[in-house]
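Below: one structure, written as structure tokens.
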Amino acid sequence: MTDYHPMWEDLGMDIEAHDQLCAALPEAFGDTYLSQENRPENMAFYDYVVSEIHGIRPSELIEAQKNGQKVFGTFCVYVPDEIVIAADGIVTGLCGGSQFWVPAGEEVLPKNTCPLIKASVGARLGRTCPFFRIADIYVGETTCDGKKKAYEILAEDVPVYTMDLPQMKRDCDIEKWTNEIKSFKTKVEEVTGNEVTAENLGEAIKVVNEKRKALARVHEARKADIIPISGKDVLLMTQIAFFDDPVRCAEMANKLADELDQRIADGVGVFEEGTKRIMVTGTPMAIPNWKLHHIIETSGGAVVCEECCTGSRYYEHLVDETQTTLDGQIDAISRRYLRNNCSCFTPNPGRIEDILRLAKEYKVDGIINETLTFCTTYDIEGRSVEKACKEAGIPLLNVETDYSDDDAGQLRTRIEAFIEMLGA
């Protein structure tokens with residue numbers, strides 16, 4: 001394994017604290033992932049990425065910066081990667097999914113802030129994540145009040161650009177979001193020094209679409225009666241997709257999908273026949289937040305679908321590739337991204353429709369609606385989700401959790417009882 005300490009020192013990281021994080025990750029990953037039996041061979045790539053999670057990709061980003069490219073750190077699926085890629089920039093995800101980063105975030109944020117926000121701020125200010133140190137600029141968005149105010153704190157330490165996402169989906173809101181993307185294009189051109197043209201934006205749209213298609217193939221394989229891959233493994237693939245080079249991401253996801261298709265044809269599954277099929281819906285699960293999936297899949301269930309930003313919202317829907325003018329392409333990008341149904345929108349019937357549609361497509365036996373502690377919009381919208389599932393006859397369990405393991409025992413008891421009820 002390569003020694004990345006010199007690189008981390010050059011990034012101004014807190015080496016002693018970071019070493020503590022690096023020491024804990026292998027055991028957590030081993031217990032959660034490497035303990036699984038009969039995993040697809042192509043998961044070896046993702047295992048390798050995790051083993052060098054703060055080394056191999058950061059070193060690639062630093063090398064790209066030496067060659068003049070700029071790195072844009074993003075927190076949300078609404079930020080259009082296509083614009084950055086068209087200007088020869090690089091996008092990397094920044095959401096924090098570890099309890100390790102929460103204390104540093106709580107030094108500047110109220111404790112009753114959601115753990116994703118506290119972890120993301122803590123990763124930067126605590127100097128314990130290379131991705132947060134490498135990014136030339138952060139790109140935020142107005143999907144929740146907590147994030148909006150957190151961006152102000154981060155802006156004291158690093159350049160931040162915030163996109164104003166509309167909270168409704170009327171024609172005037174689509175027009176507003178289109179103009180917001182145009183403003184973002186101007187900022188990206190300023191940061192990179194490169195012009196976004198119809199030609200390079202068209203190519204970027206194709207690159208990101210191919211990535212989405214590849215990720216969708218892996219998720220689609222889980223619709224089979226014989227489940228060829230665990231939900232944990234698909235979650236890991238999706239989490240890594242936020243950081244990886246998009247072309248390589250598509251290549252590796254397609255290889256995994258090819259293997260899964262063959263497994264289905266050969267009747268090779270990773271769960272016993274009759275294992276209850278579970279959909280997870282709700283707040284995103286940023287790496288290395290694997291807690292809920294791990295508990296479900298060691299309690300008699302199989303996660304076959306995620307209706308969340310680290311699931312269907314990330315890969316569903318393609319940008320129209322037939323547009324040839326810059327205005328037409330940006331309008332197409334705007335419309336594609338606004339098809340995502342985050343709980344920040346009001347009203348938000350589209351999310352309920354997505355949940356019911358996915359439940360049918362993936363033949364789920366039950367749904368677990370997960371809300372991160374203090375995530376107000378998803379918590380309130382849980383009432384609508386519960387009502388819709390009850391009317392559709394789909395069993396649902398609401399859970400609220402954070403990044404710590406303090407509630408793991410309680411969660412396991414409730415989830416085991418829920419899955420047992422599905423069997424009855």
Side-chain angles (χ1 to χ4, degrees), residues 74-79 93-99 101-103 105-123 138-155 160 162-169 173 177 279-286 289 291-292 306-314 337-338 340-355 367-390 396-404 406-407 410-411 414:
T74 63
F75 299 88
C76 183
V77 296
Y78 283 104
V79 177
L94 289 182
C95 285
S98 172
Q99 180 65 24
W101 292 312
V102 168
E106 289 182 340
E107 291 182 9
V108 294
L109 292 167
K111 290 186 183 297
N112 61 344
T113 305
C114 103
L116 187 147
I117 298 173
K118 291 189 290 190
S120 298
V121 172
Y138 293 178
V139 184
E141 78 308 316
T142 55
T143 51
C144 89
D145 290 342
K147 291 174 79 174
K148 285 189 291 187
K149 304 314 289 184
Y151 296 146
E152 295 176 10
I153 294 173
L154 287 170
V160 176
T162 302
M163 300 186 72
D164 187 13
L165 182 75
Q167 306 295 283
M168 300 178 76
K169 295 187 178 183
D173 298 306
W177 184 235
M279 176 200 293
V280 172
T281 179
T283 45
M285 289 158 279
N289 180 14
K291 180 170 70 173
L292 185 61
E306 296 87 7
E307 186 278 323
C308 62
C309 298
T310 44
S312 59
R313 284 183 225 139
Y314 188 50
Y337 279 82
L338 281 186
N340 280 334
N341 294 306
C342 174
S343 64
C344 67
F345 286 98
T346 183
N348 196 28
R351 182 172 170 233
I352 303 301
E353 294 167 5
D354 284 344
I355 290 171
I367 296 175
I368 295 180
N369 182 46
E370 177 245 13
T371 302
L372 283 175
T373 309
F374 303 119
C375 184
T376 305
T377 55
Y378 277 99
D379 196 8
I380 294 175
E381 198 163 89
R383 178 176 176 273
S384 300
V385 173
E386 186 171 19
K387 180 182 177 183
C389 288
K390 184 176 182 179
L396 177 135
L397 175 67
N398 283 309
V399 299
E400 182 181 287
T401 186
D402 58 17
Y403 290 161
S404 75
D406 294 347
D407 63 349
Q410 182 188 57
L411 280 176
R414 294 185 63 205

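Keep in mind that what you see is a predicted model, and the values were worked out from it rather than measured.
In this structure, E152 pairs ionically with K149, as a charged nitrogen and a carboxylate oxygen lie closer than 4.0 Å. Salt bridge present: K291 and D407 bring a charged side-chain N and a carboxylate O closer than 4.0 Å. A salt bridge links D145 with K148: the distance from a Lys NZ or Arg NE/NH1/NH2 to an Asp or Glu carboxylate oxygen falls below 4.0 Å.
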- side-chain contact (heavy atoms from CB on, under 4.5 Å) between K390 and L396, intermediate numbers included: CA-CA 8 Å; K390 184 176 182 179; L396 177 135; over 6 Å; no
- Would L165 and C344 count as a side-chain contact (heavy atoms from CB on, under 4.5 Å) if you check the C-alpha gap in whole Å, the side-chain angles of each, and the deciding distance to 0.1 Å? CA-CA 9 Å; L165 182 75; C344 67; 3.9 Å; yes
- Might you work through the side-chain contact (heavy atoms from CB on, under 4.5 Å) test for T142 and T162, ending with a clear yes or no? CA-CA 7 Å; T142 55; T162 302; 4.0 Å; yes
- Give the C-alpha distance, both sets of side-chain angles, the deciding distance and a yes or no for side-chain contact (heavy atoms from CB on, under 4.5 Å) between R313 and E307. CA-CA 7 Å; R313 284 183 225 139; E307 186 278 323; 2.8 Å; yes
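Side chains of R351 and S384 form no contact here, defined as non-hydrogen atoms less than 4.5 Å apart. Counting heavy atoms from C-beta on, the side chains of N369 and E386 never come closer than 4.5 Å. Taking 4.5 Å as the limit, some side-chain heavy atom of L116 sits within range of a side-chain heavy atom of P284. You'll find the side chain of I117 reaches within 4.5 Å of the side chain of L109, heavy atoms only. At least one side-chain heavy atom of V77 sits less than 4.5 Å from a side-chain heavy atom of N340. Residues V385 and Y378 have side chains not in contact (no heavy-atom distance under 4.5 Å, counting atoms from C-beta outward). Looking at N341 and K169, their side chains come closer than 4.5 Å, going by heavy atoms from C-beta outward. A heavy-atom distance below 4.5 Å is found between the side chains of V280 and M285.
Looking at every heavy atom in both residues, C95 comes nearest to S120 through CA-OG, 3.6 Å. Pairing each heavy atom of C342 with each of N348, the nearest pair is O-ND2, 3.1 Å. Heavy atoms only, all atoms of each residue included: P166 and D173 are closest at CG-O, 3.6 Å. Closest approach of W177 to Y78, counting heavy atoms only: CZ2-O, 3.3 Å. Nearest heavy-atom pair across F345 and L338 is CZ-CD2, 3.8 Å. Heavy atoms only, all atoms of each residue included: G282 and C308 are closest at O-CB, 3.2 Å.
With rounding to the nearest 0.5 angstrom, the OG1 atom of T113 is 12.5 Å from the CG atom of L372. Annotation: the span from D164 atom CG to T143 atom OG1 amounts to 11.0 Å, rounded to 0.5 Å. Here the CG atom belonging to D402 is positioned 7.5 Å from the NZ atom belonging to K118, to the nearest 0.5 angstrom. Taken to the nearest 0.5 Å, the CG atom of L397 stands 11.5 Å off from the SG atom of C389.
Between the side chain of Y403 and the backbone N or O of G96 there is at least one donor-acceptor pair closer than 3.5 Å. Looking only at distances, a side-chain donor or acceptor of T373 sits under 3.5 Å from a matching main-chain atom of T401. With hydrogens and angles ignored, the 3.5 Å screen pairs no side-chain donor or acceptor of S343 with any backbone N or O of E381.
Around atom CD of Q410, no more than 12 heavy atoms belonging to other residues, nucleotides or ligands sit under 6.0 Å away.
At a cut-off of 3.5 Å, with distance as the only test, a side-chain donor of Y151 or E141 sits close to an acceptor on the other residue.
Taking the six-membered ring for Trp and the full ring otherwise, F75 and Y138 have centroids separated by under 6.0 Å.
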